[in-house]
Amino acid sequence: MRIYKALLRLYPSSFREEYGEELLRIFEQDRRKISSFPALLIFWIREFLDVLYNAGRVHWDILLKDLIFCRRTIIRTPGFAATAILVTALGIGANTAVFSVVNHVLIRPLPYKDSERIVRIWEKQPNYSRLEVSPPNYRDWQRQARSFESMAAYNNMVSLNLVGNGLAPERVEGAALTAGVLPLLGIRPLLGRLFTQDEDRYGAPGTVLLSYGLWKSRFGGDPRAVGKQLRFDDENFSIIGVLPANVFFPNRENQFWIPLRISPSNYEERDNYYLKVIAKLKPEVTIDQARSEMAAIAQQLEREYPKEDAKTGATVEMLRDGVPEQARMLLIALLGASVCVLLIACTNLANLFLVRAMGRQKELAVRTALGAGRQRLIRQLLTESLVFAVLGGVFGVAMAHGSLPLLTRLIPETLPIGQPTVLDVRVLVFASILLILTAVLSGVIPSLRTFSNMDVSGLHEGSRSGVGGRRERLRSALVFGEIAASVVLLIASGLLIRALWRVQAIDPGFKTENVLTMQTPLAMPKYQNTMARIDFYTRVLDPIRSLPGVHSAAYISFLPMVMRGGIWPIDSVDGIISRPGESLTASLRYITPGFFDTLRIPLRQGRDVSESDTGDAQPVAVVSESFVHRYWPNENPIGRRFTFAFNDRTIVGVVADIRVRGLERSSEPQVYLPYRQVPDGAIIFYAPRALVIRSSSDTVITLNSVRKIIQKVDPEMPVSDVLSLRDVVDSETTARRTQIRVIIAFASLSLLLAGIGLHGLLAFAVSQRTTEIGLRLALGARTKDILRVVLQRGLQVAALGTFFGLLIAYVAGRFLQAVLAGVRPSDPLTLTLACALALFTTISGCLAPALRAMRIDPATAIRTE
Amino acid sequence: MTDIESFLPLQSGTFHILTALGGGERHGYAIIQDIAVRTGGKVKLSAGTLYRSIQRMLEQGLIVESRRRPTAELDDERRRYYRITELGSRVMRAELRRLSQLIQLARAKGFAPESI
């Protein structure tokens with residue numbers, strides 16, 4: 001009997017209250033007729049299933065009824081429904097999307113085995129905290145350090161021309177690895193095998209591991225690809241394996257891996273920094289212990305090699321932390337903004353539901369009076385809140401999903417991870433729960449209080465119970481919060497826009513208009529000889545220069561901002577060998593004549609490099625102004641000599657400085673060397689591959705002609721990375737622009753929501769006080785006074801919100817300083833504009849209610865009472 | 001004015017409950033028994049199904065809870081009695097008309113019922 005009673009709890013309480021006793025009685029009567037045990041068992045099973053089935057049906061019926069009711073509510077008050085759903089969607093969408101990216105970049109462990117023990121090690125010198133490592137230092141570290149389980153090196157600046165296979169020539173990016181890298185990361189091959197120690201040996205036959213993507217695109221995912229030959233540049237590599245699709249090491253663009261081979265001569269060059277080094281800490285060793293050991297080893301090496309290793313230390317950091325400071329700040333700022341949006345969404349939702357609860361007092365009182373059970377009503381309100389939350393959630397997820405491609409641009413390319421393709425479910429759940437709670441708390445609880453307090457009083461015409469005092473203060477507080485949050489977002493967007501303008505206004509030192517750039521990677525060993533390359537450049541550049549509209553064209557080793565490295569030490573100046581630690585560095589670029597003219601880099605003194613600067617002639621150089629400033633501040637530099645990149649060079653010209661390392665970073669002085677003086681078969685990495693063309697005619701037409709010309713000279717030469725120079729410079733600010741777009745969207749939304757909130761607050765207050773206002777008017781108050789009362793309310797709340805917003809924004813601004821490019825967080829223009837916008841919103845929000853208050857007719861207002 | 005047609009065809013439970021109430025007002029257990037007896041035990045409504053149907057039929061206005069009670073000695077104070085409404089009767093008549101039309105249609109084509 002007791003069991004059956006408990007079973008009955010499965011029915012909704014309204015049903016149980018009504019029919020519970022009857023059900024019990026029937027159960028009792030049936031039960032009495034049964035005597036044998038098996039019959040009893042069957043009876044119980046049947047009763048159990050009966051309750052289960054019917055309780056489910058009753059619940060379902062109620063749900064359907066509530067949903068129908070809910071649909072009616074939505075149709076009857078579409079404005080309310082749309083706002084509630086939109087607000088929920090924004091809160092859920094913004095947070096889910098932003099947090100998914102933040103989690104992916106900053107929080108989640110890297111997708112490698114024991115990733116919490118993987119570190120990167122750099123050389124450290126004055127002015128450079130992270131310098132690539134020279135081969136001999138790498139070898140010595142590896143031999144001496146005891147903190148690490150293993151240490152390995154790689155170099156990701158490998159790009160080769162993939163030819164043959166019946167497909168068009170293609171340039172692919174890859175990395176060269178020592179055999180230790182992949183096992184250190186815990187990566188296993190999808191097919192075939194990894195590299196062996198033997199393959200690190202200089203001169204071993206070429207082998208290659210393919211990325212999943214390259215394997216699919218080049219071999220259609222055929223497992224028989226392993227063992228085949230692949231022609232990269234002019235060399236054959238045998239494919240030894242394929243790595244799984246989720247391997248993005250060292251970066252997202254990587255498509256193949258070849259063994260890193262360090263030649264014996266490379267092991268002699270202690271100041272040739274080009275290796276990237278990773279290591280795995282032993283389980284019991286902390287990163288601090290490793291740092292002190294590496295510092296000791298570096299000191300020891302400095303004593304042994306006082307010249308090359310002068311002031312050289314080692315930087316050890318977690319691989320996870322390889323996120324540029326700026327990228328980290330941009331993401332954290334976005335996260336802050338999205339939290340603001342979530343808070344605003346919650347307060348707005350609370351506000352909406354509170355208003356409605358108050359507006360519904362009468363409806364609920366009527367329904368209670370007509371006999372609707374209290375629990376039944378609560379259940380209906382709950383269902384309604386949940387429907388809004390679910391609808392909002394669906395839109396929110398759609399929004400988040402739609403915005404992911406945009407946010408993906410914020411993922412720094414330096415991290416060895418892929419793009420987030422999925423939304424973070426935990427955040428989705430968290431934001432949804434928060435919003436559902438908000439909806440439920442603010443939608444159901446006030447209504448509950450309504451009909452527990454005033455079952456009957458709510459029916460009185462003109463009843464005002466529960467309006468004044470506490471609840472209105474709560475709503476004022478909510479609006480206050482919204483305004484404060486919007487002001488914070490407004491100021492943040494303002495500061496970031498100012499910072500963007502500042503960055504965009506930075507003069508890169510060259511003119512970007514009408515310049516087309518592209519890469520023609522030179523296949524080795526075909527172009528190993530300087531003569532072969534000169535022949536190629538001449539046969540390509542001459543016809544390009546005579547194309548219609550083309551003003552000039554030239555080749556350079558690397559485009560500024562695309563390649564930020566290529567920095568060499570200056571060994572001696574005017575025959576004086578620079579002292580250890582004092583040596584200046586400069587960026588090294590080989591160019592053809594006409595490069596300065598094409599980029600409009602002003603020639604200050606002397607001449608451009610020329611065709612007569614051949615390999616047999618005296619090595620010459622054109623240097624930038626800052627180079628001259630460093631060594632011969634007030635003297636004529638032409639004819640001076642310095643030793644750089646293996647040779648004594650004479651200065652023949654001086655050009656203006658350009659920003660090689662990007663718009664926001666200062667650059668080393670620049671040294672330009674004539675392309676004919678690239679030594680035969682050496683420093684091939686610097687052989688000019690970037691083509692720049694200044695042309696006034698249509699880009700597409702020019703590009704087509706250029707492609708044809710190159711095709712004619714070398715049919716196997718791919719043309720890649722076609723970009724206007726404008727795009728190259730613009731890509732410097734891509735992350736900033738993305739972030740600003742998102743934050744501006746957040747700020748406008750929150751401002752809009754705050755305006756709606758304020759409007760709702762005042763409109764409600766006015767409608768509740770119609771009688772009072774009518775009385776006042778009847779007693780002689782002027783409309784001006786009424787207007788003042790209403791506006792005062794709104795302005796008070798807004799002023800307080802703005803004030804707190806300013807305070808928070810200032811603190812946030814100081815935190816953001818690193819990305820503000822010198823814009824002060826107290827930037828007066830931004831602050832003034834943000835306050836003005838907040839004021840404008842306040843006044844717009846106050847306007848309609850104030851007008852309504854003014855138009856109240858005293859006679860009608862009093863009569864309704 | 002409720003549209004009678006919208007109730008048709010009646011669900012089997014509704015049909016049986018209305019039929020049982022045709023013989024006067026009854027309480028729940030009596031309805032179950034009445035149906036079981038009339039159908040020779042073929043239809044046995046469970047208590048849950050009965051009251052779920054009753055709740056729905058009350059809402060639809062096909063039946064009402066009766067305030068009149070049978071003679072004192074037969075009455076159990078706590079029991080709820082149900083009575084068919086005017087609407088309930090009309091729905092029942094409409095359903096019967098529908099069913100007999102169906103039978104006529106079938107007969108016109110030469111079908112005859114199996115002998116019972």
Side-chain angles (χ1 to χ4, degrees), chain A residues 1 3-34 39 42-66 68-69 367 370-373 375-376 379-380, chain B residues 2-3 6-7 10-17 20-21 25-70 74-83:
Chain A
M1 199 63 198
I3 302 174
Y4 189 72
K5 229 175 182 167
L7 260 183
L8 286 182
R9 297 206 73 86
L10 286 174
Y11 283 106
S13 63
S14 54
F15 188 87
R16 203 169 56 234
E17 273 164 27
E18 198 71 15
Y19 304 110
E21 276 193 30
E22 299 284 323
L23 288 169
L24 262 178
R25 201 192 320 281
I26 294 173
F27 173 80
E28 237 173 319
Q29 276 169 343
D30 284 346
R31 167 76 185 79
R32 253 185 254 135
K33 291 182 201 152
I34 291 163
I42 291 170
F43 170 75
W44 263 111
I45 291 173
R46 219 179 41 218
E47 289 298 321
F48 179 73
L49 290 177
D50 179 55
V51 172
L52 214 59
Y53 171 74
N54 283 302
R57 286 293 298 266
V58 175
H59 276 292
W60 177 246
D61 289 346
I62 292 181
L63 181 67
L64 276 184
K65 239 181 279 171
D66 286 349
I68 291 169
F69 191 83
R367 292 179 62 188
L370 288 178
Q375 305 219 347
R376 186 66 198 76
R379 181 171 166 162
Q380 191 220 313
Chain B
T2 322
D3 184 12
S6 69
F7 290 99
L10 285 179
Q11 284 173 14
S12 120
T14 315
F15 184 89
H16 284 298
I17 294 170
L21 292 180
E25 49 198 60
R26 283 188 158 76
H27 57 70
Y29 193 58
I31 296 174
I32 294 177
Q33 283 178 319
D34 184 272
I35 294 172
V37 169
R38 264 188 300 109
T39 60
K42 272 185 196 152
V43 179
K44 277 208 76 171
L45 281 189
S46 77
T49 311
L50 175 76
Y51 281 106
R52 197 163 53 78
S53 305
I54 283 181
Q55 189 194 32
R56 186 171 39 77
M57 290 163 73
L58 279 170
E59 276 170 23
Q60 291 172 334
L62 297 178
I63 56 173
V64 286
E65 221 180 301
S66 168
R67 308 222 179 252
R68 277 184 304 135
R69 301 285 162 146
L74 289 173
D75 186 29
D76 180 337
E77 184 63 31
R78 294 166 302 174
R79 288 211 155 160
R80 293 174 168 225
Y81 285 77
Y82 301 96
R83 175 164 60 78

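So that the names make sense, note that chain A is the first sequence line, chain B the second, and so on, each numbered from 1.
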Q: Measure across Phe15(A) and Arg52(B) and return the closest heavy-atom pair with its distance rounded to 0.1 Å.
A: CZ-N, 3.8 Å

Q | Exceeds 12 heavy-atom contacts within 6.0 angstrom, atom CZ of Arg38(B) | A | yes

(Q) If you count heavy atoms of other groups shown closer than 6.0 angstrom to NZ of Lys33(A), is the number above 12? (A) yes

**Q.** For Ala47(B) against Asp50(A), the heavy-atom pair lying closest together
**A.** N-OD2, 4.1 Å

Q | Spacing of Lys44(B) atom NZ and Arg46(A) atom CZ [to the nearest 0.5 Å] | A | 6.0 Å

Q.
I need the minimum non-hydrogen distance between Arg80(B) and Glu22(A), along with the two atoms involved.
A. N-OE2, 3.2 Å

Q. Chain B heavy atoms under 4.5 Å from Tyr53(A): which part of the residue, side chain, backbone, both or neither?
A. side chain

Q: Name the region of Leu58(B), side chain, backbone, both or neither, that has any atom closer than 4.5 Å to a heavy atom of chain A.
A: side chain

Q) Glu59(B) versus Lys65(A): any side-chain heavy-atom pair under 4.5 Å? A) yes

Q: Identify which part of Val58(A) has an atom lying under 4.5 Å from any heavy atom of chain B, answering side chain, backbone, both or neither.
A: both

Q: Say whether Gln55(B) and Tyr19(A), considering side chains only, have a donor N or O and an acceptor N or O under 3.5 Å apart.
A: no

Q.
Counting neighbours of CD1 on Ile3(A) that are heavy atoms of other residues, nucleotides or ligands and sit closer than 6.0 Å, is the number greater than 12?
A. no

Q | Over 12 non-hydrogen atoms of neighbours within 6.0 angstrom of CD in Glu28(A) | A | yes

Q: Kindly give the heavy-atom pair with the smallest separation between Asn54(A) and Ser46(B), and that separation in Å.
A: ND2-OG, 3.7 Å

